[in-house]
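Each remark here refers to the structure printed beneath this line.
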Amino acid sequence: MDNICFLSAKSIAELIKNGQVSSQDVVEAHFERIDEVNPSINAVVQADRDKTIEQAIAADKTLGSGDAIGPLHGVPFTVKDNIGTEGIACACGTEGLRENIPTEDAIVVSRCKLAGGILIGKTNVPELGMGYETDNLVYGRTNNPYDLTRTSGGSSGGEASIVASGGSALGICTDGGGSARWPAHCCGLAGFKPTTGRTPKIGHVPPPGGMLNSLWQISVVARYVEDIILGLSLICGCDDQDPTTKSMPLDFDQEVPINQMRIAYFMDNDIVSPANEVVDVVQACVDELAAAGANIVCHRPPAIGRSHEIYYQLMSCDGGLGARDLLDSWGTQNMHHYTALSLEQQSGRRLDAKGVTALVNEWALFRDEMNKFVQEYDAIICPVSTQSAMRHGGSYTEQQYPGFAEMFSYMMTFNLLGWPCGTVRAGSSRYGLPIGVQVAAGPWEESSVISVLKKLERLGGWIKPGL
């Protein structure tokens, strides 16, 4: 089947289960696609072809034996290179970890494998996962498959680029400030950050913990919203090794009728205004939902204008010392210039204990105000960012404030809150680049977000790049 690499992961799993195609054929087709596109996009940075094909052959034998199989049986998936994988280097984009080979899988990787998935490769990240563009001194720069002169986003830029290109059926990544949603927006994918506490983080590099642990979650990118449901059903769920996880129903496929939803939307977050073409795409989504019977209300959360400054203060309140200490402990002697620039910009913002206490209190107040706001609505619609994918280096030269561009504040808001949030391609820029729309809801309401994303996917959705 010539188009096997462009089907949904769910469809591929059904074809394998029904004996219409073998896992070996699927995996080999994906490796052929990687060979075709990776020299241009530089997304996959680690792969063991022989071992992976052996696993596919074993998956076919298991299917033939009649044994029970999982929902991802025989399907290739990729993992961001800051998530641990047994026997495969996990460099997190920094020189000091170039030879770091974990002895076991991260919990989320193990879950995907237990579901029958076959890990086909690791994908590129910015150094330390610290950046909205994917470039480092270990593996180099990842390019956008729709325009090689533009970024694929960050920090899950490698994951988004290869999934959009058809080299992987499903991408497991992270999101701490838009790291899944921004690359999904850049590369025309569906991207999803679940509620804080949904996914176990054991096996992440660097290890989870600390004051900012609630900002980020293991996340998913895919070409189709139905694969967001599949991916979340695999990686989410309580785990005894991670005390931050909570036991909640995994009802991601529960359909919420659009005509029974009350939805708020806003175009401008009172921090920075989006381009007209972004507004037009979001407006088309609002119109689509209204036509489907949703109660649509133009209502911007009053507190949202504070979100960018709170987020950036949290990320820089130690003056960058934590990141520097990590790099030193790993033996990194040469930082990428994007990393150096970010740390330099953070160095003057270190807070004393009193300042940190005040900041944490402000964060708590912000969450309280926003949680009261969302009680009125089933979902919130807004831009992912102010523009489509910029040219390489743009996030460090075009809109600095002061180190994290304000254009990313639309995503940062929902990391501060820990709410479920996703994006899907809903239109295109004047240059043919993808433009996504962002959908959020209150804690544990993933099914509401997904129901809206499925409806809006019809306006655009993934389109095969020209590579």
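Everything quoted here is computed from the prediction, not taken from an experiment. When a residue number appears, it is its place in the shown sequence, counting from 1.
Here the closest heavy-atom approach between residue R430 and residue E277 is recorded as N-OE1, 3.0 Å. Nearest heavy atoms, I218 versus I83: CD1-CD1, 4.3 Å. Nearest heavy-atom pair, V125 versus G93, reported as atom, atom and distance to 0.1 Å: CG2-N, 3.7 Å. Looking at every heavy atom in both residues, A160 comes nearest to S152 through CB-O, 4.4 Å. For R98 against L137, the heavy-atom pair with the smallest separation is NH2-O, 3.8 Å. Summarising the geometry of L433 relative to S388, their closest heavy-atom pair is CD1-OG, 3.8 Å, with the distance given to 0.1 Å.
Shown are T134, D135, D81, T142; of these, the side chain to side chain donor-acceptor pair (under 3.5 Å) with N124 is made only by T142. For the pairing with S110, the side-chain contact (heavy atoms from CB on, under 4.5 Å) check across V108, L114, I107 returns one residue only, L114. Each of V449, L232, L230 was checked for a side-chain contact (heavy atoms from CB on, under 4.5 Å) with F252, and the lone residue meeting it is L232.
F373 and Y377 have tilted rings, their planes meeting at an angle from 30° to 60° on a 0 to 90° scale.
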Inset, instruction - In sequence, state the C-alpha distance, the side-chain angles, and the governing distance for L215 and W363, and then conclude on side-chain contact (heavy atoms from CB on, under 4.5 Å). - result: CA-CA 11 Å; L215 286 178; W363 183 16; 3.8 Å; yes

Inset, instruction - Run the numbers on F414 and Y410 for ring-ring contact (aromatic ring centres under 6.0 Å, His included), then give the verdict. - result: CA-CA 8 Å; F414 301 109; Y410 288 84; 9.3 Å; no

Inset, instruction - Determine, step by step, whether T78 and K122 satisfy the side-chain hydrogen bond (donor to acceptor under 3.5 Å, both in side chains) criterion, reporting the C-alpha distance in whole Å, the side-chain angles of both residues, the deciding distance to 0.1 Å, and the verdict. - result: CA-CA 6 Å; T78 42; K122 299 292 292 292; over 6 Å; no

Inset, instruction - Applying salt bridge (charged side-chain N to carboxylate O under 4.0 Å, His left out), run through D239 and R111 and close with a yes or a no. - result: CA-CA 11 Å; D239 190 280; R111 287 179 174 180; 3.6 Å; yes

Inset, instruction - Quick one: do N334 and E95 satisfy side-chain hydrogen bond (donor to acceptor under 3.5 Å, both in side chains)? Show the steps, please. - result: CA-CA 7 Å; N334 301 295; E95 283 186 343; 3.2 Å; yes

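The salt bridge (charged side-chain N to carboxylate O under 4.0 Å, His left out) contacts involving residues 187-207 comprise R198-E446, where partners must be two or more places apart or lie in separate chains. The salt bridge (charged side-chain N to carboxylate O under 4.0 Å, His left out) pairs that include a residue from residues 212-238 number zero, where partners must be two or more places apart or lie in different chains. Listed by first and then second residue, the salt bridge (charged side-chain N to carboxylate O under 4.0 Å, His left out) pairs that reach into residues 361-373 are R306-E369, sequence neighbours excluded.
Counting only N and O atoms by type, the side chains of N269 and S409 include a donor and acceptor under 3.5 Å apart. Side-chain atoms of S395 and E133 include a donor-acceptor pair closer than 3.5 Å. Between the side chains of H392 and N144, no donor N or O sits under 3.5 Å from an acceptor N or O. No side-chain donor-acceptor contact under 3.5 Å links N371 and Q375. A donor-acceptor contact closer than 3.5 angstrom links the side chains of T413 and S307. Side-chain contact, E159 with T123: a donor N or O sits under 3.5 Å from an acceptor N or O. A donor-acceptor pair shorter than 3.5 Å can be found between the side chains of S273 and D268. For the residue pair T423 and R181, no side-chain donor N or O sits within less than 3.5 Å of a side-chain acceptor on the partner.
Outside the 6.0 Å centre-distance limit, the rings of Y265 and H299 are not counted as a close aromatic pair.
Two residues are said to be in side-chain contact when any heavy atoms from C-beta on lie closer than 4.5 Å; R349 and Y312 meet this criterion. Put simply, the side chain of I380 reaches to within 4.5 Å of the side chain of F266, judged on heavy atoms. Residues T199 and T245 are not in side-chain contact: their nearest non-hydrogen atoms beyond the backbone lie 4.5 Å or more apart. Looking only at side-chain heavy atoms (C-beta outward), I34 and I120 come within less than 4.5 Å of each other. When side chains are defined from C-beta on, E86 does not count as touching P102, because their heavy atoms never get closer than 4.5 Å. The shortest distance between side-chain heavy atoms of K246 and T195 does not fall below 4.5 Å. Side-chain contact between L289 and L456: present, with at least one pair of heavy atoms (C-beta onward) separated by less than 4.5 Å. Inter-residue side-chain proximity for P383 and V282 is flagged as met; some heavy-atom pair is nearer than 4.5 Å.
For D318 and R350, the salt-bridge test fails: no basic side-chain N is under 4.0 Å from an acidic carboxylate O.
Although no hydrogens or angles enter the test, the distance criterion places no donor-acceptor pair under 3.5 Å between the side chain of Q217 and the main chain of D175. Of the possible donor and acceptor atoms, one in the side chain of E457 sits under 3.5 Å from a partner among the backbone N and O of V225. Remark: the backbone N or O of S179 is paired with a side-chain donor or acceptor of S156 at under 3.5 angstrom.
H337 is linked by a side chain to side chain contact (heavy atoms under 4.5 Å, CB included) to nothing, counting only residues two or more places apart in sequence or in another chain. Applying the side-chain hydrogen bond (donor to acceptor under 3.5 Å, both in side chains) rule to W216 yields no partners; only residues at least two apart in sequence or on another chain are considered.
With a 6.0 Å radius and a threshold of 12 heavy atoms from other residues, nucleotides or ligands, D352 has its CG atom above the threshold.
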Distance-only criterion, 3.5 Å: show the donor-acceptor pairs between side-chain atoms of residues 319-328 and protein atoms not counting sequence neighbours.
none

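The cationic atom of R425 (NZ for Lys, CZ for Arg) lies less than 6.0 Å from the six-membered ring centre of Y146 and within 45° of the ring axis.
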